[in-house]
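Structure first, then comments.
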2 protein chains.
Amino acid sequence: MAKLLAKQKRMTDAVRTQAPASEAVDDYLKAIFQLSGHPERQVASNEIALHLSITPASVTNMLQKLAAQEPPLVIYKKHHGVKLAKAGKRRALEIIRHHRLIETFLHQVLDYPWDEVHQEAERLEHFISERFEERIAAKLGHPKFDPHGHAIPALDGSLPSQEPQAFAMLRPGQSANVSSVSDNDPEMLRYLAAQGIRPGVRLTLSEQLPFQGSYRVRVGTSSKLALLSHSLVQSIFVTIK
Amino acid sequence: MAKLLAKQKRMTDAVRTQAPASEAVDDYLKAIFQLSGHPERQVASNEIALHLSITPASVTNMLQKLAAQEPPLVIYKKHHGVKLAKAGKRRALEIIRHHRLIETFLHQVLDYPWDEVHQEAERLEHFISERFEERIAAKLGHPKFDPHGHAIPALDGSLPSQEPQAFAMLRPGQSANVSSVSDNDPEMLRYLAAQGIRPGVRLTLSEQLPFQGSYRVRVGTSSKLALLSHSLVQSIFVTIK
DNA sequence: TTTCAATATTAGCCATACCTAAATATTACT
DNA sequence: AGTAATATTTAGGTATGGCTAATATTGAAA
């Protein structure tokens with residue numbers, strides 16, 4: 001006589017539930033978007049784990065959930081990484097749009113200092129409504145760039161394809177315009193601001209000191225020379241023209 | 001030989017964890033603040049349950065957690081209701097301040113219609129920083145009232161002691177100024193707006209139709225008469241002068 | 001082609017945060 | 001003192017999102 005327990009079903013914990021729509025999900029989608037770059041490539045779970053400071057196992061688990069959504073948020077091939085599915089990309093771009101609009105708004109309308117906008121935007125980006133988004137965009141005149149020089153995705157998700165060069169690519173004597181700086185390190189932003197380095201400013205690499213130690217840089221047309229460490233330079237992107 | 005399992009400890013689920021600081025907590029604190037009125041009185045768990053549309057059991061559970069916090073957020077006497085402890089009151093007033101500042105901001109700076117501000121504020125109130133709060137307050141010139149006429153708590157938590165009369169207290173022929181209207185029902189707010197009824201407007205009760213059916217009301221100095229149902233009238237508070 | 005290190009996935013579990021229904025207890029009246 | 005209304009406890013559920021350890025896969029070097 002077959003026990004009723006036979007089929008037990010002892011559902012494992014993985015892929016146990018279904019469709020989240022949370023901050024965590026937003027963060028995964030953003031991470032995948034940012035890591036997959038242009039042109040788009042598969043992102044490994046390890047990279048995501050590293051980026052979000054969690055274990056790879058947690059990532060695999062979440063990726064399976066995201067792929068199982070209807071509609072799916074990511075395309076996930078076991079052992080071969082993920083990329084964003086249409087809905088996931090839409091959401092990622094929406095969040096990034098929120099983030100950058102909020103940063104711009106905080107800076108321009110609420111007079112936040114440059115280095116404080118990121119933290120606030122990072123929280124609020126998940127919670128504002130479509131209406132809020134639309135209203136601040138209108139208020140700001142539908143800006144194309146945030147205070148750090150990052151392009152703001154349009155409502156339809158389109159982003160001007162940027163070709164940001166790492167500043168470190170420059171050779172001594174070469175000049176370039178700052179297009180953007182990383183937005184997530186307040187201390188660095190304060191330092192750059194103090195040196196007069198911000199999007200739009202022209203930089204000339206004066207000399208690169210030995211052993212990758214640091215870079216001496218002329219800011220704008222002034223005679224001011226800024227000394228930038230290797231790690232600082234990583235945060236600066238330029239267009240050469 | 002005493003089994004090691006002896007003490008079993010089979011911890012029940014109640015009061016199992018400790019210190020949350022979430023939206024749910026905010027909502028409990030707000031509910032208690034609102035229900036406890038002026039002068040302050042104990043609030044029964046049943047009332048809270050009703051207000052938040054959850055079961056009394058859930059309320060008891062949460063109240064125990066809130067009382068066990070360090071510092072305690074509520075003073076809770078079994079079977080005798082709760083009131084807010086100092087820290088809880090501080091938080092409740094902070095949230096209410098957030099809510100009302102955000103409503104005012106949405107209305108005045110972002111041109112939200114009257115009836116849409118509540119929903120957005122209800123979400124954002126939990127997530128804005130001190131700095132955000134301070135900046136919108138400054139931008140608005142430190143307003144004392146939100147768009148529905150509710151007083152905005154000051155930074156120190158002080159609230160002008162309001163003595164809002166229920167409109168329904170008026171007798172036919174009496175006049176009074178609208179001090180505030182409830183903010184949580186968009187449809188009602190649109191109706192009131194269409195009738196020209198908003199904080200600051202003077203109303204005269206023209207006649208009260210039988211069987212508590214409805215109220216005929218003169219709005220301002222116009223000859224306009226508005227017909228208000230019993231339930232609508234519940235949402236209007238006035239000062240008689 | 002085999003082997004092996006790097007990487008990814010599975011299985012099982014843990015914790016937090018909320019909530020519920022049903023059983024039980026307390027209070028405050030009559 | 002009995003009882004109806006209220007409140008609390010008990011036991012357990014659901015959902016999210018994390019972790020470790022064991023295991024499996026992949027791809028490149030030998």
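All values reported here derive from a predicted model rather than from experimental measurement. Just so we're on the same page: letters track the sequence lines, and every chain starts at 1.
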Listed partners of B:S182 passing side chain to side chain donor-acceptor pair (under 3.5 Å), at least two apart: none
Whole-Å distance separating the CD1 atom of B:I54 from the P atom of D:dA7: 13 Å
- prompt: Heavy-atom contacts under 4.0 Å between residues 88-96 of chain A and DNA chain D, which residues?
  reply: none
statement: By side chain to side chain donor-acceptor pair (under 3.5 Å), A:R123 pairs with (sequence neighbours left out) none
task: Can you tell me the distance, in whole Å, between the CD atom of A:Q42 and the P atom of D:dG27?
output: 12 Å
- prompt: Excluding sequence neighbours, so at least two apart, what forms side chain to side chain donor-acceptor pair (under 3.5 Å) with B:H126?
  reply: B:D26
- prompt: With A:Y191, which residues qualify under side chain to side chain donor-acceptor pair (under 3.5 Å), at least two apart?
  reply: none
message: How many whole angstroms separate atom CG of B:N46 from atom C1' of C:dA25?
response: 15 Å
task: Grab the CG-C1' distance between A:L63 and C:dT9 for me, whole Å please.
output: 11 Å
query: Taking DNA chain C as the partner, which of residues 74-83 of chain B come within under 4.0 angstrom of it by heavy atom?
result: B:H79, B:H80
message: Without decimals, in angstroms, what is the distance between B:N61 CG and D:dG12 P?
response: 16 Å
message: In this structure, how many angstroms lie between the C1' atom of D:dT8 and the CD1 atom of B:I48, rounded?
response: 14 Å
- prompt: Partners of A:A85 by side-chain contact (heavy atoms from CB on, under 4.5 Å), sequence neighbours excluded?
  reply: A:I75
- prompt: Base, sugar-phosphate alone, or nothing: which one does B:A57 contact when heavy atoms must sit under 4.0 Å apart?
  reply: base
task: Could you identify which residues of residues 27-34 of chain A place a heavy atom less than 4.0 Å from some atom of DNA chain C, listed by residue number, or say none?
output: none
field: Those residues that, when tested against B:P56, pass side-chain contact (heavy atoms from CB on, under 4.5 Å) (two or more places apart)
entry: B:N46, B:A49
- prompt: Which part of the nucleic acid, if any, lies within contact of A:S45, taking any heavy atom under 4.0 Å across all strands shown: a base, the sugar-phosphate backbone alone, or nothing?
  reply: sugar-phosphate
- prompt: Taking only side-chain nitrogens and oxygens of A:S58, does any of them come within less than 4.0 Å of OP1 or OP2 of D:dG18?
  reply: no
- prompt: Can you check the B:K65 NZ to C:dA15 P distance for me, whole Å?
  reply: 15 Å
Listed partners of B:Q42 passing side-chain contact (heavy atoms from CB on, under 4.5 Å), at least two apart: B:K83
task: Check side-chain contact (heavy atoms from CB on, under 4.5 Å) between B:A57 and all other residues, then give those that pass, not counting sequence neighbours.
output: B:T55
message: Does D:dG17 have OP1 or OP2 under 4.0 Å away from a side-chain N or O of A:S22?
response: yes
- request: Give the rounded distance in Å between these two atoms: CD of B:Q64 and P of C:dA17.
  value: 16 Å
message: By the salt bridge (charged side-chain N to carboxylate O under 4.0 Å, His left out) test, which pairs, at least two apart or in different chains, include something from residues 45-56 of chain B?
response: B:R41-B:E47
task: Identify whether the distance between the nearest side-chain nitrogen and carboxylate oxygen of B:R91 and B:E94 falls below 4.0 Å.
output: yes
query: Going by distance alone, is a donor N or O of one side chain under 3.5 Å from an acceptor N or O of the other, for A:E103 and A:H99?
result: yes
- prompt: Thinking salt bridges, do B:K89 and B:E40 make one under a 4.0 Å N-O criterion?
  reply: yes
